[in-house]
Amino acid sequence: MLVLAGAGSGKTRVLTARIARLMEDGLPPYRILAVTFTNKAADVMRHRIAGLVGHEPDGLWAGTFHSVCARILRIEADRTDRTRGFTIYDESDSQRAVKRAMEDVDVDPRRWSAKGVRARISDAKNAMVRPEEFAAAAFDPLSRVTGTVYPAYERLLARCNAYDFDDLLLRAVRLLEEDDEVREHYGGRFAHVLVDEYQDTNHAQYRLVRAWASVHGNVCVVGDDDQSIYGWRGADLRNILDFERDFPGTAVVRLEQNYRSTGAILNVANAVIARNRARKEKRLRTERSHGARVVVAALRDERAEASWTVRQVESHRDRYTLGEVGVLYRTNAQSRAYEDALRGVGMPYRVVGGIRFYERREVKDVLAYLQLLVNPADDTAFFRAIGWPRRGVGAVTLERLETARSRSDGSLLDVAAAARQVEGLPAGAARALALFAKDIGALADLVPVASSAEVAEECVRTFGLRSALEAEEDGEDRLANVDELIAGMVAFAADRRGVEEESAGSELGLFLQHVSLLSDIDQYDPEEGAVSLMTLHNAKGMEFPVVFIGGAEEGLLPLGRSAETIEELEEERRLFYVGLTRAMDHLHVTHVSRRFRAGTSMPCFPSSFLDDLPDEAIDRRMSGSPGWRSGGSRFTAHGTSHESRSAWAGSSDRDRSFDWRYDPAATRDDGPVYDYSDSQETFELACGTRIVHPRFGPGTVLSIMGDGRTAKASIEFDLEGPKTLLVAHAGLRPAG
DNA sequence: TTTCGAACAGTTTTT
DNA sequence: CTGTTCGAAA
């Protein structure tokens with residue numbers, strides 16, 4: 001069954017109800033496999049099924065493609081060349097490994113970036129191209145280089161007993177396709193396979209679905225070609241477009257009724273997505289009323305954008321909680337301005353994405369030690385752990401260690417244990433290496449008999465990690481993160497109590513594999529009373545009563561580097577569409593005329609996507625920073641509807657004072673509708689006035705110099721001390 | 001030979 | 001903000 005389900009039409013509900021129905025008809029849950037896009041979605045689904053059938057769906061396989069594959073590879077470890085304690089390398093681990101592989105085959109890492117080579121290898125793996133096939137088809141220089149690095153990288157991963165993200169899919173497919181017993185086992189076991197967000201599957205994932213369904217053929221996928229936003233990760237829209245051909249006898253169901261958004265929001269979203277050529281024609285409809293028009297606001301810069309957004313959130317607060325507000329943007333870097341503004345007024349918020357918890361330096365450092373206990377072959381973890389805290393082992397020693405290893409064929413840890421026998425190592429370094437290996441060995445003995453948290457505590461103690469962190473600059477925060485990591489282990493163990501794990505790895509090993517596959521969105525708690533900040537990608541599958549989309553500018557949304565071809569531009573448009581359709585009641589889209597990017601302030605122009613918004617459904621606002629004088633009179637806007645975009649091409653910093661009156665609708669015939677209802681309230685700035693600054697927080701005005709746009713104010717901030725600011729740019733608000 | 005500070009690079013989206 | 005690189009000091 002193929003369910004073509006538009007945004008907000010109840011995709012997930014369909015899957016959940018189908019699983020519940022299967023269970024009610026007597027199918028045991030362990031015979032059902034549900035693949036979701038995030039681990040969180042799997043949890044939510046489990047919970048909802050429990051609500052429908054009255055009990056937990058024990059034994060149901062639900063998770064992401066990656067976590068399901070990791071589980072299969074763990075259970076079937078004996079049939080692979082890795083043990084069940086394998087490490088899962090994230091992108092940075094993988095990049096380090098690629099770099100070492102490049103050194104192994106004498107490719108100059110200055111001339112070729114490990115990052116670029118890794119990306120090529122990743123593409124190849126997702127397309128299921130083997131190293132030898134890749135090398136045979138490589139013609140351009142980067143591909144040739146990649147062709148030589150790829151096999152070396154594969155050898156390195158095997159030696160480290162590690163998989164990268166792509167391997168999890170790839171190796172699971174190989175296992176299923178090439179081992180008849182395995183395929184028949186899983187094919188026979190899974191009477192029903194259900195897949196969410198099918199439009200974002202890549203070739204390897206498609207092959208997985210085919211293999212899982214090889215016995216019963218009961219596949220149910222839901223997806224929406226208009227929400228395909230992972231093309232850059234190898235997602236192939238053909239998977240959904242060719243579904244009927246790949247699975248003969250498919251029933252196709254179309255869901256075009258949207259239960260989420262108001263009429264106005266849906267009008268806008270429909271108009272935007274209609275511009276795409278490569279799509280299945282459909283038109284979402286809603287029975288909800290037209291509702292408030294979609295607000296499109298032009299602001300001066302990202303700070304004005306952020307403070308405008310915060311003020312809008314304030315104005316919604318009587319009817320919505322902060323948890324019902326979502327602020328979405330294209331790039332993680334954009335969160336900064338919003339965070340500053342939110343912190344400035346003390347409004348709770350949470351950022352999803354960016355640097356993930358498990359990617360923090362100190363967390364990765366501790367994880368490297370733990371990884372080594374479970375998987376002593378993991379050289380990447382060895383390098384990381386041996387390098388911190390400093391123990392008198394440097395680059396030269398490590399190089400010699402590697403040379404020594406290439407003559408034996410154990411792991412670096414094995415060689416380190418016998419460091420005293422290695423020629424040419426300084427006595428101090430050899431002693432440190434041997435001690436390190438001995439301590440790791442002793443802790444590893446603890447793994448089978450102690451809980452993972454106990455092992456971690458012991459590890460932190462043995463290697464003096466706590467004191468090493470305490471000695472660091474912001475050691476307190478880092479220490480807190482390590483404590484949180486250990487707390488996470490306790491919670492993980494408690495969660496699993498009573499769950500029978502067929503793959504029976506160590507608790508620590510399972511934890512490590514589990515966190516390697518966690519995304520930030522998995523930790524997201526919608527109940528929290530805080531504004532949510534996240535990228536448009538992370539927002540997929542979510543909904544918010546009140547939504548803000550920032551940075552609707554040409555070059556940012558669509559993002560310049562991503563929109564070089566028509567296909568890429570259409571993917572950017574789908575991304576915008578995904579953002580628009582997250583909104584239930586109120587939707588706001590903002591764009592600015594100047595933005596700090598890549599270190600400099602750059603002039604910005606409204607996104608071409610905005611041209612497609614139907615006038616009757618939107619409410620244009622220009623709420624630049626009118627600024628104020630010490631006397632209190634307000635600036636008046638002079639929107640010039642004849643200024644064209646090209647006139648702005650040559651704008652320099654000197655034009656800045658005019659930015660606020662830049663007319664975003666200048667090229668439109670009907671001209672803009674000015675609305676200053678949301679502009680900053682005018683208020684008297686006088687000595688002693690209590691104010692709040694978006695960045696520096698509350699403060700008291702000491703003195704005012706000059707007036708008009710050049711007026712400056714000296715302000716004593718409660719936290720940051722005295723500062724002199726340009727009033728027109730400061731974005732001050734009255735306190736309280 | 002190691003360690004450390006300074007300077008510098010890179011920053012699209014993610015499992 | 002992190003990781004890398006380079007030179008200098010230990």
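In this text, all values refer to a predicted model and were calculated from it rather than measured experimentally. Each chain gets a letter, A, B and so on, in the order its sequence line appears, and its residues count up from 1.
Side-chain proximity of N538(A) to the nucleotides dT15(B), dT14(B), dT1(B) is greatest for dT14(B). Closest contact between the side chain of H66(A) and the listed nucleotides dT13(B), dT2(B), dT15(B) involves dT15(B). Out of dT1(B), dT12(B), dT13(B), the shortest distance to the side chain of T535(A) is found at dT13(B). Comparing dT2(C), dT15(B), dT13(B) against the side chain of R478(A) picks out dT2(C) as the nearest.
In this structure, R361(A) is positioned above the aromatic face of W388(A), its NZ or CZ under 6.0 Å from the six-membered ring centre and within 45° of the axis.
With sequence neighbours excluded, the residues that form a salt bridge (Lys or Arg N to Asp or Glu O under 4.0 Å) with R330(A) are E572(A). Applying the salt bridge (Lys or Arg N to Asp or Glu O under 4.0 Å) criterion to R171(A), with sequence neighbours excluded, gives D81(A). Under the salt bridge (Lys or Arg N to Asp or Glu O under 4.0 Å) criterion, R582(A) pairs with no residue, sequence neighbours left out. With sequence neighbours left out, the salt bridge (Lys or Arg N to Asp or Glu O under 4.0 Å) criterion links R275(A) to D612(A).
Taking atom CG of residue N39(A) and atom P of nucleotide dT14(B), one finds them 15 Å apart after rounding to whole Å. Separating the OH atom of Y329(A) from the C1' atom of dT11(B) is a distance of 14 Å, rounded to the nearest angstrom. Atom pair Y230(A):OH and dT12(B):C1' shows a separation of 11 Å (rounding to whole Å applied). In this structure, CD of E302(A) is placed 15 Å from C1' of dT11(B), rounded to the nearest angstrom. The nearest whole Å value for the distance from the CD atom in Q95(A) to the P atom in dT14(B) is 16 Å. Atom CZ of R118(A) and atom P of dT12(B) are 14 Å apart (whole Å). Following rounding to the nearest Å, M534(A) (CE) and dT14(B) (C1') show an atom-to-atom distance of 14 Å. Between I229(A) atom CD1 and dT13(B) atom P there is a gap of 13 Å when expressed in whole angstrom units.
S92(A) comes within 4.0 angstrom of no nucleic acid atom, judged by non-hydrogen atoms across all strands. At the heavy-atom level, F65(A) lies nowhere under 4.0 Å from the strands shown. R400(A) comes within 4.0 angstrom of sugar-phosphate atoms only, judged by non-hydrogen atoms across all strands, and of no base.
For T397(A) (side chain) and V393(A) (main-chain N/O), no donor-acceptor pair under 3.5 Å exists by modelled atom type. Side-chain N or O atoms of E197(A) include none that pairs as donor or acceptor with a backbone N or O of G541(A) at under 3.5 Å. When atom types are taken as modelled, the side chain of T87(A) and the backbone of D378(A) share no donor-acceptor pair closer than 3.5 angstrom.
Residues F436(A) and F463(A) bring their aromatic ring centres within 6.0 Å.
With D200(A) as reference, K540(A) is the one residue of Q205(A), K540(A), Q227(A) to meet the side chain to side chain donor-acceptor pair (under 3.5 Å) rule.
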Output a table of nitrogen or oxygen pairs between the protein and nucleotides 3-10 of chain B separated by less than 3.5 Å.
{"residue": "dT3(B)", "atom": "OP1", "partner": "G392(A)", "partner atom": "N", "Å": "2.5"}
{"residue": "dT3(B)", "atom": "OP2", "partner": "R390(A)", "partner atom": "NH1", "Å": "3.3"}

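Summary of the strand contacts: A429(A) and F37(A) both lie near DNA chain B, and taking for each the nucleotide with the nearest heavy atom, the more 5' one is attributed to A429(A). Both T397(A) and S67(A) lie close to DNA chain B; mapped to their nearest nucleotides by heavy-atom distance, the more 5′-ward contact belongs to T397(A).
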#### Entry: Letter per nucleotide, 5' to 3', of nucleotides 3-10 of chain C [B base touched, S only sugar-phosphate touched, - untouched; heavy atoms, 4.0 Å]
S-SS----
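OP1 or OP2 of dT14(B) lies within a sub-4.0 Å distance of a side-chain N or O belonging to N332(A).
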